[in-house]
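What follows is one structure encoded as structure tokens, with my remarks underneath.
In listed order, ligands and their atoms are each counted from 1. Since this is a predicted model, take the numbers as computed values, not measurements.
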Amino acid sequence: MGRKFVVGGNWKMNGDKNQINEIINNLKKGPLDPNVEVIIGVPAIYLSYVQSIVPDNINVAAQNCWKVAKGAFTGEISPAMIKDVGASWVILGHSERRTIFGEKDDLIAEKVAHALESGLKVIACIGETLEERESGKTEEVVFRQTKALLPAIGNNWDKVVLAYEPVWAIGTGKTASPAQAQEVHASLRNWLAKNASQEVADSVRIQYGGSVTGSSCKELGACPDIDGFLVGGASLKPEFVEIINATS
Ligand SMILES: O=C[C@H](O)COP(=O)(O)O
């Protein structure tokens with residue numbers, strides 16, 4: 001099927017210029033598996049700076065954007081601005097945006113639609129909370145979140161990476177087991193075959209995110225339906241290189 005492994009580093013609200021220089025120098029040193037697509041999600045204020053110092057084999061993403069090109073939206077940034085400073089990706093629907101900032105499925109879908117129309121590529125995040133998992137609602141939740149994205153994505157699936165991030169595994173040190181993650185990825189693919197198309201199901205890359213580390217990445221990366229990772233904490237550390245190289 002030839003899905004290229006894709007590893008994202010989501011720095012969240014971390015880093016200053018010194019730390020950014022260290023992270024980028026470490027990535028430059030690598031060496032990074034050339035068969036892996038690497039995307040780093042940086043705080044908006046550092047997008048230009050990071051874009052000016054990253055090597056060509058690393059793509060830069062914003063961690064959020066608004067749903068229109070410009071206007072009276074104090075504090076927001078648009079896909080047009082992200083593109084203007086040379087970045088090509090945006091992370092949307094992260095669970096921290098959903099829970100802390102109250103973003104709902106329909107707003108996330110509007111953002112995804114506008115980002116894609118504007119020519120950005122999108123990492124679209126989905127995932128269930130612990131309560132939802134424990135009450136047997138994992139599939140219901142991730143299918144609902146993905147369903148909301150279908151009209152927004154339309155024929156642009158080649159510009160989208162899905163990131164399955166169980167909320168209970170984010171920043172908690174509790175990685176989903178390879179079997180737990182593989183199970184959700186496989187059922188998402190089945191769902192996509194029925195609700196989008198077989199081609200989308202076969203070709204879309206689904207990342208796993210949630211406490212991925214240098215020691216958990218190889219086993220997770222070996223699962224047939226896990227096509228990469230979205231990494232938070234460990235993307236700020238030297239072990240990010242090991243995670244990028246998980247499948248080498
Ligand atoms: O976007 C990344 C995820 O929220 C995972 O974060 P984490 O690796 O720190 O658990």
More than 12 heavy atoms from other groups under 6.0 Å of CD on Gln19: yes

For Trp191 and Phe143, take the angle between the two ring planes, folded into 0 to 90°, and tell me which bin it lands in: parallel under 30, tilted 30 to 60, perpendicular over 60.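 Ring orientation of Trp191 relative to Phe143: parallel.
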
Gln182 side chain to Asp225 side chain, donor-acceptor N/O pair below 3.5 angstrom: yes

Just by distance, no angles: are the side chains of Trp168 and Glu128 close enough, under 3.5 Å, to form a donor-acceptor pair?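 Yes, side-chain donor-acceptor contact under 3.5 Å.
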
Name all residues meeting the ring-ring contact (aromatic ring centres under 6.0 Å, His included) criterion together with Tyr164; count only those two or more places apart in sequence or in a different chain, and write none if there are none.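 Tyr164 satisfies ring-ring contact (aromatic ring centres under 6.0 Å, His included) with His185 only.
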
Are Ile82 and Val122 grouped together when hydrophobic residues (ILVMFWY) are joined by side-chain heavy atoms under 4.5 angstrom apart? yes

Considering only heavy atoms, which protein residues lie less than 4.0 Å from any atom of ligand 1?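 Under the 4.0 Å cut-off, ligand 1 touches Asn10, Lys12, His94, Glu165, Ala169, Ile170, Gly171, Gly210, Ser211, Leu230, Val231, Gly232, Gly233.
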
